[in-house]
Amino acid sequence: MTAVEEHGAPMGFGPMHRKEDARFIRGRGTYIDDVQLPGMLHGAVLRSPLAHARIVSIDTRAAEAHPKVRAVITGQTLDGLGLAWMPTLSYDTQAVLATDKVRFQGQEVAFVIAEDRYAARDALALIDVEYEPLPAVVDALKALDPDAPVIRDDKDGKSDNRIFDWESGDKARTDEVFAQADVVVEQDLLYPRVHPAPLETCGAVADMNPATGKLTVWETSQAPHAHRTVYAMVAGLPEQKIRVISPDIGGGFGNKVPIYPGYVCAVVGSIVTGKPVKWVEDRAENLMSTSFARDYHMRGGIASTKDGKILGVRVEVIADHGAFNGTAQPTKFPAGFFHVFTGSYDLRAAHCHVTGVYTNKAPGGVAYACSFRVTEAVYLVERMVDLLARELDVDPGELRMKNLLRPEQFPYTCATGWEYDSGDYPAALQLAMDIAGYPELRAEQQRRRERGELMGIGISFFTEAVGAGPRKHMDILGLGMADGAEVRVHPTGKAVVRISVQTQGQGHETTFAQIVSDQLGISPDDIEVVHGDTDQTPFGLGTYGSRSTPVSGAAVAVAAQRVRERAKVVASAMLEVSPDDLEWESGRWFVRGDPEAGRTIGEIALAAHSTLELPEGVEGHLDASCVYNPPNLTFPFGAYICVVDVDGETGKVAVRRLVAVDDCGVRINPMIVEGQVHGGLAEGVGMALMQVMAFDEEGNNLGGSFMDYLLPTSVECPSWELGATVTPSPHHPIGAKGVGESATVGSPAAVVNAVLDALKPYGVRHADMPLTPAAVWRAMQGRPLRTDLAIG
Ligand code: MCN
Ligand code: CUN
């Protein structure tokens with residue numbers, strides 16, 4: 001049975017099981033570690049045990065003498081090739097292999113290539129590195145102290161740990177609004193460092209063919225085309241001689257946006273040995289050295305009139321980016337999308353200032369289902385609104401309802417200059433309150449409080465900004481690029497669509513087929529989606545920031561529309577009528593006023609491939625492409641309500657309910673959208689209650705395994721209660737907005753607001769994530785915990 005038959009899905013949009021699941025549930029996916037090439041060698045990375053140290057010497061002789069070792073690469077080897085340092089997407093540099101110093105625990109120091117993985121790992125122990133330990137900078141709040149050790153002394157003239165100062169909004173105006181406001185509430189908030197922790201760790205297989213000079217790299221990448229371009233620019237290899245293939249990917253969540261030193265080492269290893277080289281990291285390596293996110297220390301402020309009209313928001317941020325600046329942040333200013341910290345409210349003024357700092361931690365400032373800093377922005381504004389509600393002694397739902405943007409205000413230009421495309425915010429919040437039964441919940445809470453029970457209700461409302469690419473706004477960010485798509489209908493009426501983005505579990509093979517199906521009336525089962533191979537697909541930026549639907553989805557829709565127009569010309573010749581006399585209905589062109597006289601897309605496709613049928617002067621075949629240059633980002637939004645019960649004896653939080661109303665415009669596949677939201681809600685609960693990558697004073701990473709870095713399971717998650725509103729994006733060809741990160745972005749504030757609502761009888765105003773039993777208990781004792789550091 002086909003996927004469509006099995007689920008009775010209509011042609012085009014609608015719920016339909018993922019086509020790709022057929023191979024995943026049968027164990028027939030191809031992940032990086034499944035790639036086997038003749039003569040393949042295996043690499044392993046030696047990592048620094050210290051967070052900050054000078055490298056005195058590296059002795060590789062014993063490792064090289066190992067009978068199965070073929071080569072050992074160090075920073076010196078790479079230096080000779082001009083490859084010891086690689087640029088990051090944030091206009092910074094990152095050491096591929098350390099030469100002078102190590103700057104975080106787990107940093108790459110040497111790369112061993114051996115005949116098998118075991119020998120490569122064994123040989124790591126034979127490398128003798130002499131380190132001279134240096135004091136580590138662990139606390140971001142102290143990184144700018146005049147006596148703090150300078151971490152990036154490799155950079156010319158660098159005498160402190162400041163990376164950047166970034167501002168958005170009008171400071172003078174905001175200060176004025178705050179000075180005149182009746183009520184001002186301020187609060188320090190930490191969004192701690194977290195890790196995406198995908199099931200599949202990162203890895204690469206590099207194969208430099210000495211005969212053809214062609215380099216093929218199979219890698220865990222969310223952005224194969226962007227990686228190829230970076231390889232070409234960094235290594236000076238001709239771009240047409242590089243092929244990047246991303247096969248199936250076992251989750252990305254932002255972790256697979258950057259190029260990691262291990263990938264570069266595999267490439268160099270293949271060049272040096274003349275053989276294919278595989279490198280796949282283990283779990284501890286993944287957790288300790290790749291792609292961290294958040295780590296924002298914020299001082300937030302919110303101003304309002306005494307009757308609760310919010311006037312302005314301001315925030316001062318110290319952003320901990322670790323030792324190298326955000327390898328995955330594709331923006332000139334790594335705070336980029338923090339612009340939307342004005343949230344979902346009609347504000348008169350807003351201002352933020354972010355100071356990026358280096359610390360002796362793994363490169364941070366990067367991605368985790370975050371829409372690049374919208375996560376921190378939403379958390380900030382939604383905590384501040386709750387604190388304001390408490391100050392004014394009004395219901396947080398009511399305060400939000402009163403201040404949300406109204407539908408007639410769209411398109412709405414927010415106080416920092418971003419143009420929100422469309423929305424009906426009050427409808428979404430009302431729906432969430434209806435599903436939750438909000439008034440009854442408040443009544444129940446009252447009864448429980450009287451009995452001494454700690455029940456909390458938390459709301460958050462979010463506006464996201466997704467679909468990176470448009471010039472508008474992106475010129476502020478330093479990046480704007482278009483994505484390509486190609487649709488081809490075969491003679492038998494089946495189709496192939498080639499896309500620039502890369503699925504890691506989002507179901508593109510299904511939803512992109514549905515977009516073509518919707519435009520051409522071909523069953524999704526008869527449409528093959530090709531992705532993840534730079535030799536076979538058009539250029540594009542890849543998948544992150546929930547941009548696939550907003551950008552690549554638009555490209556696919558337009559390309560399919562162009563195919564339909566070409567089909568019209570062929571049909572008009574076949575029917576011997578003017579194209580102007582033809583009308584389209586699902587899958588066929590017919591003569592207006594004579595519905596029987598028509599040609600299906602299959603008949604047209606066959607004719608288009610035959611010059612016997614094709615009139616002279618009509619272009620043959622049935623294909624089209626589009627390079628979509630998006631006019632704006634899309635702005636999905638949603639309203640979340642969380643109900644928690646807190647155990648007053650132990651501080652343990654149980655999430656009883658989580659209601660999520662999402663609006664991502666037109667839904668291509670509501671089942672997949674709901675799956676995306678389910679996953680994001682679990683991540684949100686995880687971040688709010690248990691996930692943090694903490695460090696001790698020496699910079700030792702305390703989250704290097706799943707024993708210490710806790711992920712939520714079904715035990716900690718309630719049965720999600722979802723709702724939807726649909727406000728199409730006016731500028732997107734099918735009215736769709738992105739959704740892949742919405743729930744991760746929107747839900748942590750709802751959970752945290754709920755816990756603090758539960759603790760209200762204890763007079764607790766705020767406590768930082770993650771709200772572990774220890775953090776909650778300490779907050780109840782009036783001694784809040786610094787959750788990101790193993791101190792006090
Ligand atoms: N979709 C839809 N209708 C809409 C919007 C989206 O049917 N109106 C569908 C899309 O067609 C796609 C899925 O929902 O199949 C997600 O679409 P989109 O919001 O465009 O996001 P992307 O495809 O660009 O995915 C990226 C996003 C990001 S940035 C992270 S991080 C994340 C996420 O997706 N990583 C994930 N969801 C993930 N889900 C899984 N299983 N694994 C990951 O690594
Ligand atoms: Cu912010 S994580 Mo996703 O953009 O790959």
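Remember, it's 1-based here, ligands and their atoms both numbered in the order they're listed.
Ring centers of Phe635 and Tyr420: under 6.0 Å apart, within the cut-off. Side-chain rings of Phe462 and Tyr640 approach one another, their centers coming within less than 6.0 Å.
Looking at Val666, Thr744, Thr549, Thr634, it is Val666 that brings a heavy atom closest to atom 8 (N) of ligand 1. For atom 5 (C) of ligand 1, the choice among Arg667, Glu741, Gln222, Lys737 with the nearest heavy atom turns out to be Lys737. The residue from Gln514, Gln502, Gln506 that puts a heavy atom closest to atom 34 (O) of ligand 1 is Gln506. The heavy atom nearest to atom 22 (P) of ligand 1, out of those in Ser548, Ser371, Gly542, Gly252, is found in Ser548.
Within ligand 1, the atoms closer than 4.0 Å to a non-hydrogen atom of Tyr544 are 29 (S), numbered from 1 in the order shown. Taking every heavy atom of Tyr368 and a limit of under 4.0 angstrom, the matching atoms of ligand 2 come to 1 (Cu), 2 (S). Interface atoms of ligand 2 facing Cys370, defined by a heavy-atom separation under 4.0 Å, are 1 (Cu), 2 (S). Close approach to Gln222 involves these atoms of ligand 2, each under 4.0 Å from a residue heavy atom: 5 (O). Ligand 2 places these atoms under 4.0 Å from at least one heavy atom of Glu741: 1 (Cu), 2 (S), 3 (Mo), 4 (O). Those atoms of ligand 1 that come under 4.0 Å of a heavy atom in His508, given as number and element, are 12 (C), 15 (O), 22 (P), 23 (O). The Gly738 neighbourhood of ligand 1 comprises atoms 19 (O), with distances under 4.0 Å to a heavy atom of that residue. Set against the non-hydrogen atoms of Ala736, the atoms of ligand 1 under 4.0 Å away are 8 (N). The distance from ligand 2 to the heavy atoms of Phe253 drops below 4.0 Å at these ligand atoms: 2 (S). Residue Gly545 has at least one heavy-atom neighbour below 4.0 Å for each of these atoms of ligand 2: 3 (Mo), 4 (O).
Assignment of Ala369 to the shell around ligand 2 is supported, since a heavy atom sits closer than 4.0 Å. A heavy-atom separation below 4.0 Å is not found between Gly679 and ligand 1. Heavy-atom distances between Gly665 and ligand 1 stay at or above 4.0 Å for every pair. Note on ligand 1: Gly251 sits in its first shell, one or more heavy atoms being nearer than 4.0 Å.
A side-chain donor from one of His225 and Thr537 sits under 3.5 Å from a side-chain acceptor of the other.
With a 4.0 Å heavy-atom cut-off, ligand 2 is reached by the backbone of Ser371 but not by any atom from C-beta on.
Where the criterion is an N or O separation shorter than 3.5 Å, residue side chain and backbone included, Gly254 fails it with respect to ligand 1. By the 3.5 Å distance cut-off applied to N or O atoms, Phe512 is not counted among the residues near ligand 1.
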